[in-house]
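Each chain gets a letter, A, B and so on, in the order its sequence line appears, and its residues count up from 1.
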Number of protein chains: 2
Amino acid sequence: MHKDSNQTKYSMLISYLKEEILLGRIKPGEQIPSENTLAKKLSLSRHTVRKAISMLANEGYVYTEHGRGTYCADRNKTRVETKNIGVITTYISEYIFPRVVQGIDRVLSENGYSIILKNTGNNTEKESAYLEEMLEKNIDGLIIEPTKSAMYTNNLKYYEALENHGIPYVFIHGYYQKMEDKPQVILDDEAGMYSVASYLTELGHREIIGIFKADDIQGINRHKGYARALARIGIPYNPDNVIWFYTEDRAVKPAATIRTMLENKHGIDAVACYNDEIAFKVYETLRDFGVRVPEDVSVTGYDDSYFSSNCPVKLTTVNHPKDMLGEAAARLLLEMMKNPAMGREQTRKVIVPELVVKDSCAKK
Amino acid sequence: MHKDSNQTKYSMLISYLKEEILLGRIKPGEQIPSENTLAKKLSLSRHTVRKAISMLANEGYVYTEHGRGTYCADRNKTRVETKNIGVITTYISEYIFPRVVQGIDRVLSENGYSIILKNTGNNTEKESAYLEEMLEKNIDGLIIEPTKSAMYTNNLKYYEALENHGIPYVFIHGYYQKMEDKPQVILDDEAGMYSVASYLTELGHREIIGIFKADDIQGINRHKGYARALARIGIPYNPDNVIWFYTEDRAVKPAATIRTMLENKHGIDAVACYNDEIAFKVYETLRDFGVRVPEDVSVTGYDDSYFSSNCPVKLTTVNHPKDMLGEAAARLLLEMMKNPAMGREQTRKVIVPELVVKDSCAKK
DNA sequence: CAGTTTAACATGTATGCACAAGTAATTTTA
DNA sequence: TAAAATTACTTGTGCATACATGTTAAACTG
């Protein structure tokens, strides 16, 4: 420290440390001496050292961590915090979305962040537009439910841009297959459907119809769980027992196909449905056909929604830890913002849902 | 200074001064009390006061002049459009909230705006905190569903501050009685319940039980419509036929009271319920008691939600133009931002809901 | 040896004191 | 009366001390 002496002590210390950092003698991430060490070495009071360091922190040269120490910042990467987090959702399942957003909001609000909300309506072009808008808005982080997660996406460039800008993001509820190593919080759909299908086989059912959604990764995974559960006890996979539908079909196709099966006397022991809404429709179709649930046919739903509890025969289903999903995503994002260099193992969180047994299944 | 006590002293002082500035009680250019004055008045050390002031200076709220004093900065001069609109909602009716937000989002997104979302969980203190946060975030406008709209509020100062800063705001779904001339988009709850109750009287019913929520303005207004419809055809108002409940009661009290009435052979021709959820529970209670709907007793809901369509006997109800409500609020706000000097007549929008006749009512 | 406790050390909050230095109004002085 | 000195304020710099709180690694314990 060899500066003009008509300056103040703290400003001398500031210029000294600044120089060390700018000349690369203290490297980004490197710890600088503790306040007490500096004070002793330079014969200053701790207060004076502290003032210098706090001003350096304000200018972005260093950052402090309570209880650990003070570190040299990487000045190329520091951006202005907006305290806003982007949240992009897709097609809104009315009974899932609000709770997930609530979970996210709870955690983020506690930490002084706000949500900027966008809905894509499962429209890929809107997803592009909103990702671009988020980049412009200088958000501090992003939580996104991918649009048509089982299909091809050409929005990869936006995710790269986010990475280049050092803006962390977390997939929620689904992911693109090209990006399966990216940060994500998802439900184990395969395990969920596996437990449902296993439950049905254990009740003695063999002709188990499966109804799955074809354009979401959730549908793909639930189908896997279904197939695995049947395979486990040696039931050969029968494509005639599987009904696939798309977002656009969902109000008609599943119920109509079941009706056709009934008319054609296709053997049915049980129906494992993609979700409660489908299960509710299947229940109504069976009832209208004079088939009793669960005495003649067992039916299962998925999501543990109001469809499951409002159905005259309460539907056995799989719970959907909506709040937890949102909270977990928000927590992961907060951690990533704190510690930008998190390993891949730490950024994938899988929540295993649980079977909820109600009244719609019986032994064969 | 009346902030939470688990904060530090200097941060309490910071929030106090920030509030004074944001609410316009200290005006730009005005001198704030000297460090010693503040220290003495608040029983703090000068150092603590100094720390608070230096942080405020860093954030641009004040500026200091050596030897002269500390002054309030003019933050309006640095304000730019953020293209962000604040949306504050309260207790989340899961089946209403997402659609309203969707409606708001559709209109705002079309115009290049984004939503910053906050939920108060019907907690007045959270409402304060979020209003303050919105003021800090430099939003371009605000749509807010008031918390506990039938009760007293002491958040008026924040609305005044919004006006001082030239930030337009719109109440949605409810309003405070002290602020009934402020911009708002609401449903005509009185008219809605009036049409339901009139429908029931026209079917020949006379002993009409009414179930209403006591802590929302909606409940108060629906009760008015109920009373007016009965009065119209000369039925005297009978308090024994009216059941009041609170947010905390809602799962138990309405159904329990109906059960008691049945046990006491209280005459019941029809039950007009506050909403579909209540109506669903009432239906179940009647069914369990062996009372047929609609042959013995007619039941009506309100909101045209999934409860109405999932009920074994589809419930006659009143539609809730959720999307329209959100859209109307967003449009009104956009107009106000364009033309800041809008007259009062133009800023109040009342949407009249419509009766939706289904299967739960019959002639007497 | 895995799990817990403890001690050492980091930053964070808060107080007290002393004096430096800039500003503005009042008082004194030539 | 005009310039200078005084005085009473303001913010700025600096030191000593105390205890609170978070982190980490070494020591201890079952």
**Request:** Give a yes/no on whether any side-chain N or O of B/K51 is located under 4.0 angstrom from OP1 or OP2 of C/dT13.
**Result:** yes
**Asked** Just to confirm, is there a sub-4.0 Å distance from OP1 or OP2 of D/dT13 to any side-chain nitrogen or oxygen of A/Y10?
**Response**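 For D/dT13, OP1 or OP2 has a side-chain N or O of A/Y10 closer than 4.0 Å.
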**Asked** Does a side chain donor of either A/T317 or A/D304 reach within less than 3.5 Å of an acceptor in the other side chain?
**Response** no
Does [X] have any side-chain hydrogen bond (donor to acceptor under 3.5 Å, both in side chains) partners at least two apart in sequence or in another chain, and if so, which?
| X | answer |
| --- | --- |
| B/T70 | none |
| B/S34 | B/T37 |
| B/E125 | none |

Figure out the [atom1]/[atom2] separation between [X] and [N], and round it to whole Å.
| X | N | atom1 | atom2 | answer |
| --- | --- | --- | --- | --- |
| B/H47 | D/dT17 | NE2 | C1' | 12 Å |
| B/M55 | C/dG12 | CE | C1' | 11 Å |
| A/Y71 | D/dT23 | OH | P | 11 Å |

**Item:** Inter- and intrachain pairs under salt bridge (Lys or Arg N to Asp or Glu O under 4.0 Å), touching residues 106-117 of chain A, at least two apart
**Value:** A/R106-A/D323, A/R106-A/E327
Hey, what are the protein-to-nucleotides 8-11 of chain C N/O distances that come in under 3.5 Å?
{"residue": "C/dT11", "atom": "OP1", "partner": "A/T70", "partner atom": "OG1", "Å": "3.2"}
{"residue": "C/dT11", "atom": "OP2", "partner": "A/E35", "partner atom": "N", "Å": "3.0"}
{"residue": "C/dT11", "atom": "O2", "partner": "A/H66", "partner atom": "NE2", "Å": "3.1"}

**Item:** Partner set under ring pair (Phe, Tyr, Trp, His ring centres under 6.0 Å) for B/Y169, not counting sequence neighbours
**Value:** B/Y159, B/F171
